[in-house]
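The analysis underlying the following values was restricted to heavy atoms, covering all of them including side chains, and did not include hydrogens, waters or symmetry mates. In this chain, residues are counted from 1 in sequence order.
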Amino acid sequence: DWHIKLGDDGKLHPVKSYMNQSNEVTLWGKVYSVEDNTDLFLNGAGLIGEIPPEIGELTNLTRLDLSCNELTGEIPPEIGELTNLTKLNLSENHLKGKIPSEIGELSNLKTLKLISNELTGEVLPEIGELSNLKILDLSNNELTGSIPQEIWNLKYLEVLRLSKNQLIGEIPPEIGNIPNLRLLELCHNELTGSIPQEIGNLTNMEYLRLNDNHLSGEIPSEICNLSVEWEETSSFNILNNQLCPPYPSCIENYVGQQKEVGVYIYFDSRQTWNALVDNGYGGGNKGDVFVNEDEFQGYINIGSFQDL
C-alpha cells in the first residue's frame with residue numbers, strides 16, 4: 001500500500017506503508033491506528049468473511065464489538081493478544097469451531113458475549129481464569145460437555161447464560177460460591193441431577209431459568225432465599241424437568257408442568273392396578289399388566305402421584 005507524505009523538503013512524496021512500520025492495521029477495507037483505537041464498535045456493520053488475524057495487533061483496544069454481522073470461520077487465536085480488552089462481543093454471527101483457549105489470556109475482561117453462533121466443543125476451563133468477569137453469555141450455540149468447575153470460581157460474575165446448548169452433567173454445590181450472581185440461565189440443555197441447596201447462598205439472584213433439562217429430585221427449600229419474583233415467568237422458569245413435590249412454599253404455585261417419569265411398580269392386586277388405570281394414573285391399558293403368581297406389575301407415571 002502507498003500513501004502520500006509531506007517530506008522535510010516541503011514536497012509531497014509517495015511512501016509505501018507497512019503495517020508494522022506505520023502502526024496501522026487494515027480490517028474490512030478500513031485502516032485503523034494501533035495507537036489511537038481503544039474502542040472498535042462494528043456491530044451491525046454488514047461485515048462478511050472471517051475475522052482477520054491482524055485484529056490481534058490492535059493491542060490498545062479495551063472494547064471490541066463485532067456482533068450482528070455475517071462473520072464466518074473460527075475465532076482467531078490472535079484475539080488473545082488484546083490483553084487490554086474489558087468487553088468482547090462477537091454475538092449473532094456464523095462463527096464455528098471451538099472457542100480458542102487464548103481467550104483465557106484476556107485477564108481484564110469483564111464482559112464476554114458469544115451468543116447465537118455455531119460454536120462447538122466444550123466450555124473452556126480457561127474462561128475460569130478471567131477473574132474480573134461479570135457477564136458470561138455463550139447461549140444458543142452447539143457447546144457440549146459439562147460446565148467446567150473453574151467457572152464456579154468467578155466470584156465477581158453477575159450474569160451466567162449458557163442456555164440452548166447441549167451441556168450435560170450436574171449443577172454442582174460450588175454454584176454457591178458466586179455471591180454476586182443476579183441471573184442464571186441454563187435452560188434448554190441436558191443437565192441432570194438435583195438442584196443443590198447451596199443455590200440458597202445466591203441471595204442477589206433475580207432471574208433463575210433452568211427449564212427444559214432433566215433435573216430431578218426435590219427442590220431445596222433454600223431456593224426461597226433468592227430475590228426472584230417467582231410469579232414472573234421471565235424471572236423464574238423450571239418447566240419441563242423431572243422435579244418432584246413437595247415443592248418449597250415460595251414456588252409451589254409456579255413450578256409448572258414437569259416431565260412424567262414412568263417405572264414399573266408392583267401392586268397387591270389386579271383390582272388396585274385397574275383402579276389406577278381407570279383414574280388416569282396408569283401408563284397403559286388394563287391389559288398392560290404382568291402377572292407373576294400373586295404379584296401384579298404395570299407401568300405408572302410417578303409424576304401423577306402428586307395428585308393422589
- Message: Before you tell me yes or no, could you show the steps for H94 and N117 under side chain to side chain contact (heavy atoms under 4.5 Å, CB included), namely the whole-Å CA-CA distance, both residues' side-chain angles and the distance that decides it to 0.1 Å?
- Response: CA-CA 5 Å; H94 304 288; N117 281 286; 5.5 Å; no

- Which pairs, with at least one residue in residues 209-223 and sequence neighbours excluded, count as a salt bridge (charged side-chain N to carboxylate O under 4.0 Å, His left out)? E185-R209

- Item | Where at least one partner belongs to residues 93-120, residue pairs that pass salt bridge (charged side-chain N to carboxylate O under 4.0 Å, His left out), sequence neighbours excluded | K96-E118

- Query: Would you say I175 and V159 are hydrophobically clustered, going by side-chain heavy atoms of ILVMFWY under 4.5 Å?
  - Reply: no

- Could you state the interatomic distance from CD1 (I115) to CG (N89), rounded to the nearest 0.5 Å? 6.0 Å

- Message: Any side-chain to backbone donor/acceptor pair from D36 onto S33? Under 3.5 Å, distance only.
- Response: no

- Just wondering, do L167 and L143 contact through their side chains at under 4.5 Å, heavy atoms? yes

- Query: How long is the gap from CE on M205 to CG on L183, to the nearest 0.5 Å?
  - Reply: 7.5 Å

- Would you say V228 and I251 make side-chain contact, with heavy atoms under 4.5 Å? no

- Residues in side chain to side chain contact (heavy atoms under 4.5 Å, CB included) with E231, at least two apart? E229, Y254

- Item | Atom of L191, atom of N213 and distance for their closest heavy-atom approach | N-OD1, 3.0 Å

- Cluster check L160, I168: I/L/V/M/F/W/Y, side chain < 4.5 angstrom: no

- Message: I need the N43 CG to S91 OG distance, nearest 0.5 Å.
- Response: 10.5 Å

- Closest heavy-atom pair and its distance - P220, P248: O-CG, 3.6 Å

- Query: Do side-chain atoms of N225 reach the backbone of T203 as a donor and acceptor pair under 3.5 angstrom?
  - Reply: no

- Query: What heavy-atom pair brings I103 and I79 nearest, and what distance separates the two atoms?
  - Reply: CG1-CG2, 3.8 Å

- Pairs flagged by ring pair (Phe, Tyr, Trp, His ring centres under 6.0 Å) wherever residues 173-227 is involved - sequence neighbours left out: none

- Message: Test of understanding: with side-chain hydrogen bond (donor to acceptor under 3.5 Å, both in side chains), list the residues that count as partners of S235, not counting sequence neighbours.
- Response: none

- Nearest heavy-atom contact between Y247 and E252 is CB-CA, 3.9 Å

- Could you pull out all residues at least two apart from T233 that satisfy side-chain hydrogen bond (donor to acceptor under 3.5 Å, both in side chains)? none

- Query: Are the side chain of N140 and the backbone of S116 linked by a donor-acceptor contact shorter than 3.5 Å?
  - Reply: no

- Query: How about D39 and T62: does a side-chain donor come under 3.5 Å of a side-chain acceptor?
  - Reply: yes

- Taking only residues two or more places apart in sequence, or in another chain, which ones meet D65 in a side-chain hydrogen bond (donor to acceptor under 3.5 Å, both in side chains)? S67

- Query: Ignoring hydrogens and geometry, is there a side-chain-to-backbone donor-acceptor pair from N69 to G46 under 3.5 Å?
  - Reply: yes

- Task: Can you sort out the partners of L239 under side chain to side chain contact (heavy atoms under 4.5 Å, CB included), two or more places apart, ordered by chain and number?
- Result: N211, N237, Q257

- For the residue pair E54 and L27, establish whether any side-chain heavy-atom pair is separated by less than 4.5 Å. yes

- Task: Indicate, with yes or no, if L124 and I135 share a hydrophobic cluster defined by side-chain heavy-atom contacts under 4.5 Å among Ile, Leu, Val, Met, Phe, Trp and Tyr.
- Result: no

- Task: Measure the spacing between CG of L82 and CD of E57 and express it to the nearest 0.5 Å.
- Result: 10.0 Å

- Task: Report the C-alpha separation of L208 and L226 in whole Å, then their side-chain angles, then the decisive distance to 0.1 Å, and conclude whether the side chain to side chain contact (heavy atoms under 4.5 Å, CB included) test is met.
- Result: CA-CA 9 Å; L208 177 63; L226 309 185; 4.0 Å; yes

- side-chain hydrogen bond (donor to acceptor under 3.5 Å, both in side chains) against N201, all qualifying residues, sequence neighbours excluded: none

- What residue pairs, at least two apart or across chains, pass salt bridge (charged side-chain N to carboxylate O under 4.0 Å, His left out) with a residue in residues 190-202? none

- Query: Got S163 and C187 here, is their nearest side-chain heavy-atom distance under 4.5 Å?
  - Reply: yes

- Please examine the side chains of L138 and V123, heavy atoms only from C-beta on, and report whether any two atoms are closer than 4.5 Å. yes

- Note on the structure: The side-chain contact (heavy atoms from CB on, under 4.5 Å) partner of L109 among T83, L85, N84 is L85

- Message: Between T111 and T86, is the side chain to side chain contact (heavy atoms under 4.5 Å, CB included) condition met? List the steps.
- Response: CA-CA 6 Å; T111 299; T86 61; over 6 Å; no

- Point-to-point distance, once rounded to the nearest 0.5 Å, from OG of S131 to CG of N108: 8.5 Å

- Smallest heavy-atom separation, Y156 atom then N132 atom, equals CD1-CA, 4.5 Å

- If you group Ile, Leu, Val, Met, Phe, Trp and Tyr by side-chain heavy-atom gaps below 4.5 Å, do L42 and L88 land in one group? yes

- Note on the structure: Of all heavy-atom pairs linking E142 and N165, the shortest is N-OD1, 3.3 Å

- Query: Shared ILVMFWY cluster between L40 and L95, side chains joined below 4.5 angstrom?
  - Reply: yes

- Message: Tell me if a side-chain donor or acceptor on N93 pairs with a main-chain N or O of L66 at a distance below 3.5 Å.
- Response: yes

- Query: Going from CD1 on I127 to CG on N153, what distance comes out if it is rounded to the nearest 0.5 angstrom?
  - Reply: 13.0 Å

- Could I get the full list of ring pair (Phe, Tyr, Trp, His ring centres under 6.0 Å) partners for W230, not counting sequence neighbours? F236

- Task: Check whether any side-chain N or O of D137 sits under 3.5 Å from a backbone N or O of L112 as a donor-acceptor pair, and report yes or no.
- Result: no

- CA sep, side-chain torsions, deciding dist, call: L61, T38, side chain to side chain contact (heavy atoms under 4.5 Å, CB included): CA-CA 4 Å; L61 283 183; T38 57; 5.6 Å; no

Under 3.5 Å, side-chain donor or acceptor atoms of residues 145-152 against the rest of the protein: list the pairs with distances, not counting sequence neighbours.
from, atom 1, to, atom 2, distance (Å)
Q149, NE2, E174, OE1, 3.0
Q149, NE2, E174, OE2, 3.4

- Message: Main chain of V34, side chain of N37: is a donor-acceptor contact present, judged purely on distance under 3.5 Å?
- Response: no

